[in-house]
A.B. asks: 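I have a structure here, written as structure tokens, and I will follow up with some questions on it.
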Amino acid sequence: MLEIKPSWKDWQLLTKNGRQIWAYKPESNDIDRHLENSSKISQNQARQFSEDFEFDSQNNPNSADLVFRNQWLREKYEPFSGARPNQPKIEDQNIVESLINGVNYFSSLQSEEGHWPGDYGGPMFLLPGLLIASYITGTDFPEPHQALMKIYIKNHQNPDGGWGMHIEGDSTMFGTVMQYVSLRILGVESGDPLLIKARNWVMENGGAVGIPSWGKFYLAVMNLYDWSGFNSLFPEMWLLPKWLPMHPSRYWCHARMVYLPMAYCYAHRVKAPENDLILSLRKEIYCGDFADIDWPKQRNMVCDKDIYTVQSPVLKWMNFFTNGYEKIHFHGLRKKALQFILNYIHAEDLQTEYLDIGPVSQAINSICVWHAHGQQSKQFQQHVKRWYDYLWVAEDGMKMSGYNGSQLWDTAFTTRAILESDIGQLFESTINRAYQFIDRSQILKQHETHEQYFRHPMIGSWPFSTAEQGWPVADCTAEGLSTTLACHHSGLVEAKISEDRIKLAVDVILSYQNQDGGWATYELSRAPKWLEKINPSEIFADIMIDYSWTECSSACILSLIEFQQDFPDYKSQQIKSAINQGIKFVIKQQKADGSWYGGWGVCFTYATWFAVEVLSKARNKEIYDSDILKQHIDRACGFLISKQKSDGGWGETYLSCADMIYTEAEKSQVVNTAWALLALMASDYEHRAVIERGLQLLLDRQTQIGDWPQENISGVFNYNCMITYSAYRNIFPIWALNRYYKSFIC
Ligand code: LAN
């Protein structure tokens with residue numbers, strides 16, 4: 001029943017302290033050995049790969065993580081053999097079975113060190129960035145990796161010949177040209193029918209001159225686009241006084257850490273040497289002759305299929321000045337700025353053990369370090385080792401993940417989903433291992449260059465992935481804290497996370513609260529909203545500032561409420577006031593229809609769940625005015641009920657995120673259904689029949705072994721790019737079933 005195609009077995013996921021590496025035909029579990037992999041593959045093997053990784057993205061572009069799951073299951077899965085809870089009523093028995101089955105199945109996918117590995121792909125522009133880094137630095141991936149990357153890209157081509165920004169998206173110039181160049185780097189001939197089709201798409205849409213600025217950047221590095229067609233990144237910006245709102249230290253950390261190495265490459269005009277491939281590509285991706293292109297005119301040229309954020313007049317003015325300055329820039333200042341930038345890149349590398357904050361900056365930092373120190377330098381080699389932390393193998397091929405994983409996040413949610421009721425008591429070893437991972441993932445040290453490079457205090461925080469990655473996140477800290485408390489309450493674990501460490505986490509959460517009462521992602525909001533006007537990305541919105549979000553705020557408030565129950569005397573007044581301000585913020589975010597917009601999950605059901613969870617908790621604990629809370633909760637339930645589909649479920653598509661309007665999926669989605677149910681049950685919604693209809697859908701969709709189908713993509717960032725959360729299809733149905741069990745059965 002668990003399908004494992006022949007060459008899937010050649011690929012093994014190795015994990016160590018949360019680190020995840022896919023190794024080709026490993027002989028041992030030693031991760032470090034497999035980073036020096038130089039395997040070759042024969043034509044026959046390559047053919048076998050193509051057969052075994054054949055994937056129909058038209059049916060569903062979301063792979064179900066079968067290479068990892070089926071292999072681990074085959075090794076580790078056993079039907080649940082423990083005792084059942086005391087005799088539920090006959091009519092409830094199948095719900096209990098389903099719940100136990102769901103948890104038991106998912107427990108088999110837990111790593112030894114306690115986390116749940118999983119596919120974190122989705123965006124289509126990440127792998128090309130890494131391939132360009134590997135190309136320009138002359139650092140090839142091993143052949144088996146290259147073969148699987150090729151397959152992945154081919155698998156995700158849209159019927160019109162192009163590729164989207166992400167696996168579910170319509171074709172864009174950015175998606176298409178980046179995949180095109182990648183396939184050529186990987187050795188696919190320009191006469192390949194797939195590439196001919198892609199080229200037609202590019203030509204019909206005006207050629208690669210219309211690629212958005214991030215694409216212009218990558219093409220320039222590949223020497224496929226002239227740097228003079230790129231708006232200045234004004235490296236001297238880093239020398240501006242720090243109190244200025246436009247000083248880059250005030251940007252959202254992801255924008256900061258991407259534009260930092262981009263500015264380095266821009267200033268040095270880093271580019272691959274001309275060779276046959278480059279010369280040929282120049283002919284393949286443009287409508288006219290490369291030599292005839294008026295580059296400065298292309299700076300603001302963006303294909304209309306790509307535009308998400310229109311350039312503001314402020315940005316145009318700024319570009320006018322910075323492009324002008326570029327012509328006369330002062331040598332001394334440029335040198336100083338570049339030295340600062342390089343030092344900053346080094347500091348980021350050391351603070352994160354070369355993982356860097358994310359996949360985009362990891363690849364571009366690699367290019368900078370190679371440029372500054374050479375291919376053989378220790379620093380560059382450290383970078384290369386980390387490339388593999390970002391690669392993932394699924395039945396659609398090898399992709400680049402949106403982060404070095406979602407380890408902490410998934411572990412925290414899974415643990416709480418299991419511990420929602422006494423059912424958790426049946427899974428002692430799973431909880432113990434998860435707790436170990438939570439324990440090990442709390443960030444307890446700060447690098448010495450921490451303050452110098454604008455980092456927020458982070459001792460006591462939790463990250464999204466692993467402690468060594470070293471970037472704390474406000475709501476991940478909250479999830480880490482809530483999970484710690486839940487584990488301690490369960491009585492299943494020996495409490496290794498001390499009271500002091502719990503309080504450190506609380507201090508971090510308090511330090512993260514914004515003036516508006518809400519919580520942002522990695523840092524405080526550091527700049528006024530108008531700074532967004534200089535967002536140069538065209539393809540993302542709200543990328544310049546770290547804003548307060550409903551989800552992040554709700555998670556932080558919830559953890560503070562839970563903490564106060566256990567430790568009522570610690571900073572009592574300060575925490576109460578933080579909770580109060582926080583609730584006001586969440587209430588203010590509610591839309592007229594009763595919903596909340598989700599910035600990091602799809603979409604209104606996601607944020608509405610977070611908000612209702614915290615407002616209901618506050619109401620039950622008699623924090624805040626109960627009547628006001630009731631009003632908001634009722635409106636939220638009204639919204640959810642109005643979106644229930646005739647089969648009892650809920651379903652949204654990614655367009656909810658991009659268009660900011662509730663966009664119903666044709667088919668109900670288990671993940672959306674679970675979020676809606678969790679919210680309704682949290683609020684003690686009175687019409688049980690409504691809840692039962694949704695629950696029935698979850699029961700019906702569950703597979704025999706206890707899994708749920710992988711449906712639409714569930715995650716998002718910056719409104720316009722989607723990201724896979726492969727664990728959600730298990731976590732949230734389990735959580736919803738368990739909450740039902742707690743509320744109505746046991
Ligand atoms: C993430 C993943 C986790 C996510 C949550 C914790 C779920 C959220 O509540 C807060 C924001 C955060 C931490 C988040 C921010 C943006 C990230 C890092 C990502 C979606 C994963 C990938 C994305 C990153 C920006 C991708 C690289 C692209 C760029 C535009 C730089």
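We count ligands from 1, going down the list as the structure has it; atoms in each ligand are counted the same way. Note that this is a predicted model, so its numbers are computed, not measured.
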A.B. asks: Please state which protein non-hydrogen atom is closest to atom 3 (C) of ligand 1 and give its distance, to 0.1 Å?
C.D. replies: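 For this ligand atom, the closest protein heavy atom is Phe464 CE1, 3.3 Å.
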A.B. asks: First locate atom OG1 of Thr605, then atom CZ of Phe732, and finally report the distance between them rounded to the nearest 0.5 Å.
C.D. replies: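 The CZ atom of Phe732 is 10.5 Å from OG1 of Thr605, to the nearest 0.5 Å.
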A.B. asks: For the residue pair Pro117 and Phe68, establish whether any side-chain heavy-atom pair is separated by less than 4.5 Å.
C.D. replies: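 They are in contact (side-chain heavy atoms under 4.5 Å apart), so the answer is yes.
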A.B. asks: Can you list the ligand 1 atoms lying under 4.0 Å from a non-hydrogen atom of Trp252?
C.D. replies: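 With Trp252 as reference, the close atoms of ligand 1 come out as 15 (C), 16 (C), 25 (C).
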A.B. asks: For atom 15 (C) of ligand 1, which of Trp600, Trp214, Phe717, Tyr403 has the closest heavy atom?
C.D. replies: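 Checking each option, the heavy atom nearest atom 15 (C) of ligand 1 is found in Trp600.
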A.B. asks: How far does CG of Asp546 sit from SG of Cys552, to the nearest 0.5 angstrom?
C.D. replies: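 Those atoms lie 8.0 Å apart.
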A.B. asks: Could you find the nearest protein heavy atom to atom 27 (C) of ligand 1 and give me its residue, atom name and distance?
C.D. replies: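 Protein heavy atom at minimum distance: Val360 CG2, 3.9 Å.
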A.B. asks: Is Lys588 paired with Asp516 through a side-chain N to carboxylate O contact shorter than 4.0 Å?
C.D. replies: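 No, Asp516 and Lys588 are not salt-bridged.
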A.B. asks: What is the nearest protein non-hydrogen atom to atom 4 (C) of ligand 1, stated with its residue, atom name and distance?
C.D. replies: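 Checking every protein heavy atom, the shortest distance to atom 4 (C) of ligand 1 gives Tyr725 OH, 4.3 Å.
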A.B. asks: One thing to verify: whether Arg455 and Glu523 come together as a salt bridge, which I'm taking to mean a side-chain N less than 4.0 angstrom from a carboxylate O.
C.D. replies: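 Here Glu523 does not pair with Arg455 in a salt bridge, since their nearest N and O are not under 4.0 Å apart.
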A.B. asks: For atom 7 (C) of ligand 1, which candidate among Tyr120, Trp409, Phe610 provides the closest heavy atom?
C.D. replies: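 Shortest heavy-atom distance from atom 7 (C) of ligand 1: Trp409.
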A.B. asks: Just to confirm my output: which protein heavy-atom neighbour is closest to atom 18 (C) of ligand 1, and how far is it?
C.D. replies: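 Looking at atom 18 (C) of ligand 1, the protein heavy atom closest to it is His254 NE2, 3.0 Å.
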A.B. asks: Among all protein heavy atoms, pick the one closest to atom 31 (C) of ligand 1 and tell me residue, atom and distance.
C.D. replies: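 I find the closest protein heavy atom is Val258 CG2, 3.6 Å.
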A.B. asks: Heavy atoms only, cut-off 4.0 Å: how does Cys552 contact ligand 1, side chain, backbone, both, or neither?
C.D. replies: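 Answer for Cys552: side chain.
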A.B. asks: Can you report which non-hydrogen protein atom sits closest to atom 10 (C) of ligand 1, along with the distance?
C.D. replies: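 So the nearest neighbour among protein heavy atoms is Thr521 CG2, 3.6 Å.
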A.B. asks: If we ignore angles and hydrogens, is there a donor and acceptor under 3.5 Å between the side chains of Gln590 and Ser595?
C.D. replies: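 There is no such pair between these side chains.
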A.B. asks: At a 4.0 Å threshold, what atoms of ligand 1 neighbour a non-hydrogen atom of Phe540?
C.D. replies: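 Answer, ordered by atom number: 30 (C).
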A.B. asks: Would you call Arg19 and Glu353 a salt bridge, using N to O less than 4.0 angstrom?
C.D. replies: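 Judged by the 4.0 Å cut-off on N to carboxylate O distance, Arg19 and Glu353 do not form a salt bridge.
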A.B. asks: Do Glu468 and Arg440 sit within salt-bridge range, that is, some charged N less than 4.0 Å from a carboxylate O?
C.D. replies: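 Arg440 and Glu468: not salt-bridged.
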A.B. asks: For the pair Arg386 and Asp356, find out whether any cationic side-chain nitrogen is under 4.0 Å from an anionic carboxylate oxygen.
C.D. replies: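 Looking at Arg386 and Asp356, the cut-off is not met.
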A.B. asks: Taking non-hydrogen atoms only, is Cys476 closer than 4.0 angstrom to ligand 1 via side chain, backbone, both or neither?
C.D. replies: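 Only the side chain of Cys476 comes within reach of ligand 1.
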A.B. asks: Provide, to 0.1 Å, the distance between atom 9 (O) of ligand 1 and the closest protein heavy atom, together with that atom's residue and name.
C.D. replies: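 Ranked first by proximity to atom 9 (O) of ligand 1 is Asp475 OD2, 2.4 Å.
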A.B. asks: Under a 4.0 Å N-O cut-off, is there an ion pair linking Glu532 with Lys529?
C.D. replies: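 No salt bridge links Glu532 with Lys529.
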A.B. asks: For atom 22 (C) of ligand 1, which protein heavy atom lies nearest, and how many Å away is it?
C.D. replies: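 The closest one turns out to be Gly402 O, 3.3 Å.
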A.B. asks: What do we get for Trp519 next to ligand 1 when only non-hydrogen atoms under 4.0 Å count, side chain, backbone, both or neither?
C.D. replies: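 For Trp519, no heavy atom sits under 4.0 Å from ligand 1.
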